[in-house]
Amino acid sequence: MSVRRDIPPRIETAVLSDGDMRVSLLSYGATTQGWWYKGLPMILGYESPQDYVTDKSYMGAIVGRVANRIGNARFDMENVRYELDANEGRNSLHGGWAGLSHQNWALEKIAANEAVLRHTSPEGASGFPGEVRFEVRVKLDETRLIYSISAQPDRPTPISIAQHNYYSLGSARGISGHSLRLASHRYLEVDNQGIPSGILNDARKGGMDFSEPKAISATLTDLDNYFVFDPARENGLPVADLTAPNGLQLSVWSDQAGAQVYSGAHLSEPFRKNAGVCIEPSGYPNAVNIPEFPSIIYSPEAPYAQTLIIEISEGET
């Protein structure tokens, strides 16, 4: 898969800190370049900001307008067919060539532990209807990293954003030995191009059950699946926990319907395969083409909002 991107004139940076936490942000792609806890890297990242311009893995970026895949790079809305960028075979992935991860956002540090990024996506960007004003607020709060994401469209349009960190939790050996727990008993059936069919599979069949902590390496194949969060899950509890052999645990709180979990099978130099895992809360992929899926259409009267909270804690090694 090739990635077509313009070189931005200048990539702005901001470093946030709070106690034992430090985060580095980039204007390009609204990217989280680095996240450190007591000096240990919690995510993968490049040293040079310019490397993100040619990155093919959406490393640390905000992806959209519509995260994940849209089958055949098109959808119908209000009796109009919209043809999108086909940037992964015949499908659209993470918003196409002009997606949010390919844009140079306005970045403003507003406190020692907080920054805001803004970008206006014009009418027709990657084929999507409407102009949309996006804002991402990133805040460190002791051991928590918080993303508050909002979008204000000027007309009805699909929006589904995902934050694309690759979590390593300080491990130089990759994440195969990390254990994962998800507040989920179902995942989406997909075809050989990763496009959902509309069928929800029982995760307890086929080795995909992470309702109890289980090693990522215990699955029969590399993970790249959308898990639907249990609607009856207990309020206040994380939707996901990732635990490394060093005892560090990452917990995720989200208000989204589910999350794509990707174990980094296609990472390439300078990273190794399975060096990090993505947990990407968002709306259902291909929802614009499957009426049975929850709608991802937002409007001036009903704008988009998402809150993602990630916390680091220490356990026993």
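These numbers were taken from a predicted model, which means no experiment stands behind them.
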Can you see which heavy atom on Ser126 is nearest to which on Trp97, and at what distance? OG-N, 3.8 Å
With under 30° as parallel and over 60° as perpendicular, where do the rings of Tyr167 and Trp35 fit, or are they tilted in between? perpendicular
Judged by atom type as modelled, is there a donor-acceptor pair below 3.5 Å linking the side chain of Gln306 to the main-chain atoms of Ile161? yes
Result for side-chain contact (heavy atoms from CB on, under 4.5 Å) between His164 and one of His94, Met59, Gln260 points to His94
Taking the six-membered ring for Trp, is the centroid-to-centroid distance between Tyr82 and Phe128 below 6.0 Å? no
Can you tell if the side chain of Met21 reaches within under 4.5 Å of the side chain of Tyr37, non-hydrogen atoms only? yes
Do Asp141 and Lys139 sit within salt-bridge range, that is, some charged N less than 4.0 Å from a carboxylate O? no
Less than 4.0 Å between a side-chain N and a carboxylate O, is that true for Arg155 and Glu78? no
Would you please classify the geometry between the Tyr58 ring and the His102 ring as parallel, tilted or perpendicular, with 30° and 60° separating the classes? parallel
For residues Leu25 and Thr32, determine if any side-chain heavy atom of one lies less than 4.5 Å from a side-chain heavy atom of the other. yes
To check you understand the geometry: which heavy-atom pair defines the closest contact between Ser160 and Ser282, and what is its length? OG-CB, 3.7 Å
Can you name the nearest heavy-atom pair linking Pro281 to Leu308, along with the distance? CG-CD1, 3.9 Å
I'd like to check the side chain to side chain contact (heavy atoms under 4.5 Å, CB included) partners of Val190; sequence neighbours left out, ordered by chain and number. Pro196
Salt bridge (Lys or Arg N to Asp or Glu O under 4.0 Å) between Arg10 and Glu12: does it pass, once the steps are laid out? CA-CA 6 Å; Arg10 178 178 174 84; Glu12 303 290 341; 2.9 Å; yes
From Leu188 atom CG to Asn286 atom CG, the distance as rounded to the nearest 0.5 Å: 9.5 Å
What pairs of donor and acceptor atoms, side-chain ones from residues 247-259 against any protein atom, are under 3.5 angstrom apart with sequence neighbours left out?
unit_1	atom_1	unit_2	atom_2	d
Gln249	NE2	Thr243	OG1	3.0
Ser251	OG	Asp241	OD1	2.6
Trp253	NE1	Gly236	O	2.9
Ser254	OG	Gln256	N	3.0
Asp255	OD1	Thr307	N	3.3
Asp255	OD2	Thr307	N	3.1

Check the angle between the aromatic planes of Phe271 and Tyr46 and answer parallel, tilted or perpendicular using the 30° and 60° thresholds. perpendicular
Can you check whether Ser197's main-chain N or O pairs, donor with acceptor, with Asp191's side chain at less than 3.5 Å? no
pair Trp105-Val116: side-chain heavy atoms closer than 4.5 Å: no
Is it the case that the side chain of Thr157 and the backbone of Pro129 share a donor-acceptor pair, with hydrogens and angles ignored and the cut-off at 3.5 Å? yes
Would you mind reporting whether Pro238 and Arg181 have side-chain heavy atoms less than 4.5 Å apart? yes
May I ask you to test the Val136-Ile149 pair for a side-chain heavy-atom distance under 4.5 Å? yes
Chi angles and distances behind the side-chain contact (heavy atoms from CB on, under 4.5 Å) call for Lys273, Asp222: CA-CA 10 Å; Lys273 175 183 176 180; Asp222 287 304; 3.5 Å; yes
Find out if a path of hydrophobic residues (ILVMFWY) with successive side-chain heavy-atom gaps under 4.5 Å connects Leu182 to Val228. no
Do Ile216 and Asn274 have side chains that approach each other closer than 4.5 Å (heavy atoms only, starting at C-beta)? no
Work out which heavy atom in Asn113 is nearest to a heavy atom in Leu16; give both atom names and the distance. O-CD1, 3.8 Å
Count I, L, V, M, F, W, Y as connected when their side-chain heavy atoms are under 4.5 Å apart, and connections chain through other members. Are Ile290 and Ile159 then in the same cluster? no
Minimum heavy-atom separation for Ser57 and Leu267, please, with both atom names. OG-CD2, 3.7 Å
Evaluate the side-chain hydrogen bond (donor to acceptor under 3.5 Å, both in side chains) criterion for residues Gln33 and Tyr52: first the C-alpha distance (whole Å), next the side-chain angles of each, then the deciding distance (0.1 Å), finally the verdict. CA-CA 9 Å; Gln33 180 187 19; Tyr52 288 86; 4.7 Å; no
Calculate, to the nearest 0.5 Å, the distance between atoms OG and NE2 belonging to Ser171 and His178 respectively. 4.5 Å
Whether Asp209 side chain and Ser211 backbone form a donor-acceptor pair below 3.5 Å: yes
Show the numbers, then the answer: is there a side-chain contact (heavy atoms from CB on, under 4.5 Å) between Ile62 and Phe134? CA-CA 11 Å; Ile62 293 292; Phe134 290 94; over 6 Å; no
Less than 4.5 Å apart, any side-chain heavy atom of Leu223 and any of Val277? no
Separation between CE of Met208 and CZ of Arg186, rounded to the nearest 0.5 Å: 14.5 Å
Salt bridge check, Glu142 against Arg144: does any charged N sit closer than 4.0 Å to a carboxylate O? no
Would you check if Asn68 and Tyr284 make a side-chain contact, meaning some heavy-atom pair closer than 4.5 Å? no
Pairwise distance OG1(Thr31) to CG(Asn165) - rounded to 0.5 angstrom: 9.0 Å
Which heavy-atom pair separates Lys109 from Val15 by the least distance, and what is that distance? NZ-O, 2.7 Å
Answer yes or no: is there a donor N or O on one side and an acceptor on the other, between the side chain of Gln163 and the main chain of Gly60, under 3.5 Å? yes
Establish whether Val23 and Leu107 are linked, either directly or via other cluster members, by ILVMFWY side-chain heavy-atom contacts under 4.5 Å. yes
Would you say Asp20's side chain and Thr143's backbone share a donor-acceptor pair under 3.5 angstrom? no
List the steps and the verdict of side-chain contact (heavy atoms from CB on, under 4.5 Å) for Tyr166 and Ile175. CA-CA 10 Å; Tyr166 285 79; Ile175 48 82; over 6 Å; no
Would a distance-only check, ignoring hydrogens and angles, find a side-chain to backbone donor-acceptor pair under 3.5 Å from Arg69 to Glu88? no
Quick one: CG on Leu40 to CD1 on Ile312, what's the gap to the nearest 0.5 Å? 10.0 Å
With clusters defined by side-chain heavy atoms of hydrophobic residues (ILVMFWY) lying less than 4.5 Å apart, directly or transitively, does Ile110 cluster with Ile146? no
In terms of hydrophobic clusters joined by side-chain contacts under 4.5 Å, are Phe229 and Leu242 together? yes
Could you measure the distance from the CG atom of Asn91 to the CD1 atom of Ile195? Nearest 0.5 Å is fine. 3.5 Å
Would Arg118 and Glu108 count as a side-chain contact (heavy atoms from CB on, under 4.5 Å) if you check the C-alpha gap in whole Å, the side-chain angles of each, and the deciding distance to 0.1 Å? CA-CA 9 Å; Arg118 296 183 178 93; Glu108 179 185 5; 3.6 Å; yes
According to the interplanar angle, ranging from 0 to 90°, do the rings of Tyr187 and Phe227 count as parallel (below 30°), tilted (30 to 60°) or perpendicular (above 60°)? tilted
